[in-house]
Amino acid sequence: MTGIAKKHLFIETLEERKSDSLDFHEVSVWGVQAALEAAYAAGLAAAREAK
C-alpha cells in the first residue's frame, strides 16, 4: 500500500505523524483513480496466486 501511495499520490509514508500538515494531503482525482486501480490489480494478482 505504501508503494501505491508513493507512486500515485506522492505520499511518502502512511504512518501517522500527529500533524495535520503531514497527515492530510491534497491529491488529484486522477491520482486517486490510479491508486485505486493499482490496488485492485494487486489484489486480483494476489487472489490468482492463491489459487
Q: Let me check something: do V27 and L14 share a hydrophobic cluster, defined by ILVMFWY side-chain heavy atoms less than 4.5 Å apart, either directly or through other members?
A: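 Result: yes, single cluster for both.
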Q: Is there any side chain to side chain donor-acceptor pair (under 3.5 Å) pair reaching into residues 19-31, and which pairs are they, with sequence neighbours excluded?
A: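 Non-adjacent pairs meeting side chain to side chain donor-acceptor pair (under 3.5 Å): S19-S21, S28-W30.
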Q: May I have all residue pairs that pass side chain to side chain donor-acceptor pair (under 3.5 Å) and include part of residues 4-14, sequence neighbours excluded?
A: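 Pairs touching residues 4-14 that pass the test: none.
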Q: For residues 44-51, please give each side-chain donor-acceptor pair under 3.5 Å, one per line with the distance, not counting sequence neighbours.
A:
none

Q: How many angstroms lie between atom CG of L22 and atom CD of E15, to the nearest 0.5 angstrom?
A: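 Spacing of CG (L22) from CD (E15) equals 13.0 Å.
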Q: Please name all residues satisfying salt bridge (charged side-chain N to carboxylate O under 4.0 Å, His left out) with E16, sequence neighbours left out, ordered by chain then number.
A: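 Salt bridge (charged side-chain N to carboxylate O under 4.0 Å, His left out) list for E16, sorted by chain: K18.
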Q: Can you give each donor-acceptor pair under 3.5 Å made by side-chain atoms of residues 31-41, sequence neighbours left out, with the distance rounded to 0.1 Å?
A:
unit_1	atom_1	unit_2	atom_2	d
Q33	NE2	E37	OE2	3.1

Q: I4: which other cluster members, linking ILVMFWY side chains closer than 4.5 Å, directly or transitively?
A: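 I4 shares its hydrophobic cluster with no other residue.
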